[in-house]
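We count ligands from 1, going down the list as the structure has it; atoms in each ligand are counted the same way.
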Amino acid sequence: MSNIKRIGVLTSGGDCAGLNAIMRAVVNSATEKGWEVYGIKNGTDGLTETPRAYEILTVENFSESPWPRLSGSYLGSINKGVKMGSLEEMSRRFAEGVKELGLDALVVIGGDGSMNIVSNYCKGTNIRMVGVPKTIDNDTPITRSSVGFSTAREVCEQAIDSLELTARSHNRAIIVEVMGRDAGHLAMHSALAGYADVCLVPEIPYSINNIIKKLKQIKATGRNHAIIVVSEGIKTEKGEHISNKKNLIGEAVYGGVGDYLSAELNARYKNFQTRVTTLGHLQRSGRPTAFDRLLGTLFGAGAVHLLANGENNKMIVWENDKVNAYDIEEVVKEGTTLLDVHSDYVNAAKAVGMYIGEI
Ligand code: F6P
């Protein structure tokens, strides 16, 4: 059993749909137990910066507002702060924040990277911590699904449906660039759901000539339009990085592969005009699907349940239709979950005649 009186909740990393569903579930479940909930603003910044940035959250915050039905993060998030400053310095500032706010436990809604960093900060305090996975990339280890993926997939599928209409009107091959970093889950799921002709993912090498072969086959059937889905993390045909862009902390910034592919196709094949649509951050802000609301609710309630049972340093996962939990170290050790090139998704794509690379 726990002696918890007050917990904190924060979102860290890139936003996505379903974050507010998780928060609502955390606040409602914690309130049921008689705990107070402090919503920490802007990731860990709300704890490590002064003045501390937080808001006392009550059931009314979510029942009297449309927030649980919207994407974005009610609390705000950061995609960098957890890595700014040395571990010692950040841990010290974090511990001061925790003490000042009188937190007994913390729910961190984020990717496994942010969870690992925050879990290290927590080790210097008496605070207990549980992580809830969210990412449109769906590459968090162990969990079958992360909150946000389902909505992003829906956004991509709807975009493909719309783009197919204009591709059809203008006899074009439209290249749809989707997010996902080094994992092709979002691209492959969207391509399957959007009935794409070609799907390129970082996990599978490809040949431009074979993409052209596919386009020629399409022409031969009398169809003059095509949809090519490309994951932002693909490399060139020769396996080189397409962009060298870096963010403020030196991490690779993805994006731009659609233009590379378009130029390569146009240079070698003149019978299909191409156009590129990069879906970008729209993928993070669709109306949360039923599944993301559901998973967010199960995960939020699950996080509070774990804390009430005295658990610490765990990440919630979705496994075989059940909410389970693993030690954060164990999750991190697994590394990023890439698209399984032998999965039924990949097999079905091949079976229906989609060109998915040299496999
Ligand atoms: O990890 C989520 C994600 O949306 C990736 O798919 C994408 O590459 C990245 O974040 C974009 O990050 P930012 O919002 O910092 O541009």
Between [X] and ligand 1, does any nitrogen or oxygen pair lie at a separation below 3.5 Å?
X    : value
H281 : yes
R284 : yes
I136 : no

With distance as the sole test, does [X] use its side chain to make a donor-acceptor pair with the main-chain N or O of [Y] at under 3.5 Å?
X    : Y    : answer
R172 : T274 : no
S71  : S285 : yes
S77  : T11  : yes

Ligand-residue contact atoms, ligand 1 with [X], heavy atoms, under 4.0 Å:
X    : answer
G180 : 6 (O)
M179 : 4 (O), 6 (O), 7 (C)
E232 : 5 (C), 6 (O), 7 (C), 8 (O)

Report the relative orientation of the aromatic rings in Y38 and Y54; use parallel for angles under 30°, tilted for 30 to 60°, perpendicular for over 60°.
parallel

Identify, for atom 15 (O) of ligand 1, the protein heavy atom at the shortest distance, and state residue, atom and that distance.
N79 ND2, 2.9 Å

Nearest option to atom 1 (O) of ligand 1, as decided by whichever heavy atom of N247, D137, D15 sits closest:
D137

Could you tell me whether E164 and R168 make a salt bridge, using a distance below 4.0 angstrom between a side-chain N and a carboxylate O?
yes

Before accepting this row, confirm whether a basic side-chain N of the pair E329/K333 lies closer than 4.0 Å to the acidic partner's carboxylate O.
no

